[in-house]
Amino acid sequence: MRPPLSKIDYEVGDKIEVCSKEEGFIGSYYEATIASCLENKKYVVCYKTLLEDDESGPLKETLFPKDIRPIPPRVRNYHRFQLNHKVDVFYNDGWWIGIITSKKTLMRKRYYFRVYFTTLGRMMYCHCSRIRVHHELIYGDWISES
């Protein structure tokens with residue numbers, strides 16, 4: 001069971017991540033900025049990488065606080081990644097949780113890790129620059145599992 005989260009009051013301009021509830025994207029997080037704070041305790045967010053359907057600009061959405069979280073610490077120390085480490089991988093415009101399934105591999109003069117994504121049911125090679133240490137937000141603190 002997931003522990004309760006500490007209440008966080010966001011302000012306009014705060015950088016956050018939004019948890020996707022859309023089928024096929026569940027478990028992924030997308031970077032956004034708080035665009036406004038509404039009186040009903042909801043927030044309007046403006047996504048960094050997602051666009052409106054007509055591609056006229058960044059997607060804006062009104063969300064409950066439970067659907068957003070602060071940006072986790074940016075730790076990309078791939079020298080410490082080992083087999084079975086839980087990581088976040090930037091893929092398809094968002095961050096997806098995966099498990100390292102291979103040692104660092106040199107391909108086409110660049111280093112990659114093979115990562116298995118349980119929510120996608122697939123494995124793929126991911127460039128080191130797109131991988132970060134996975135953190136969980138527990139009682140308002142970021143905890144690293146690796």
Atom of [X], atom of [Y] and distance for their closest heavy-atom approach:
| X | Y | value |
| --- | --- | --- |
| Y116 | R122 | CD1-O, 3.4 Å |
| V133 | H135 | O-ND1, 3.2 Å |
| T105 | Y125 | OG1-CE2, 4.3 Å |
| P70 | W142 | O-CZ2, 3.1 Å |

Please report the interatomic distance [atom1]([X]) to [atom2]([Y]), rounded to the nearest 0.5 Å.
| X | Y | atom1 | atom2 | value |
| --- | --- | --- | --- | --- |
| F90 | T49 | CZ | OG1 | 5.0 Å |
| C126 | M123 | SG | CE | 10.5 Å |
| Y91 | S28 | OH | OG | 11.0 Å |
| R132 | S144 | CZ | OG | 11.5 Å |
| Q82 | K104 | CD | NZ | 12.5 Å |
| E136 | R69 | CD | CZ | 7.5 Å |

Kindly write out the residues that satisfy ring pair (Phe, Tyr, Trp, His ring centres under 6.0 Å) with Y10, not counting sequence neighbours, or none if the list is empty.
Y43
Residues which pass ring pair (Phe, Tyr, Trp, His ring centres under 6.0 Å) with Y30, listed by chain and number, not counting sequence neighbours:
none
Side chain to side chain, [X] and [Y], heavy atoms closer than 4.5 Å:
| X | Y | answer |
| --- | --- | --- |
| E31 | K15 | no |
| I68 | V18 | yes |
| T33 | I16 | no |
| Y47 | E61 | yes |
| E11 | I34 | no |
| V115 | I100 | yes |
| H134 | I97 | yes |
| F117 | V89 | yes |

Between [X] and [Y], is there shared hydrophobic-cluster membership here, with clusters defined by ILVMFWY side-chain heavy atoms closer than 4.5 Å?
| X | Y | result |
| --- | --- | --- |
| F64 | V45 | no |
| V87 | M124 | yes |
| F113 | I99 | no |

Name the orientation class of the two ring planes belonging to F25 and W96 (parallel below 30°, tilted from 30 to 60°, perpendicular beyond 60°).
tilted
Within a 6.0 Å radius of atom CG on D53, are there more than 12 heavy atoms belonging to other residues, nucleotides or ligands?
no
Any chance NZ of K21 has more than 12 other-residue heavy atoms, nucleotides or ligands included, within less than 6.0 Å?
yes
Residues at least two apart in sequence or cross-chain that pass side-chain contact (heavy atoms from CB on, under 4.5 Å) with S36, listed by chain then number, are L38, V44
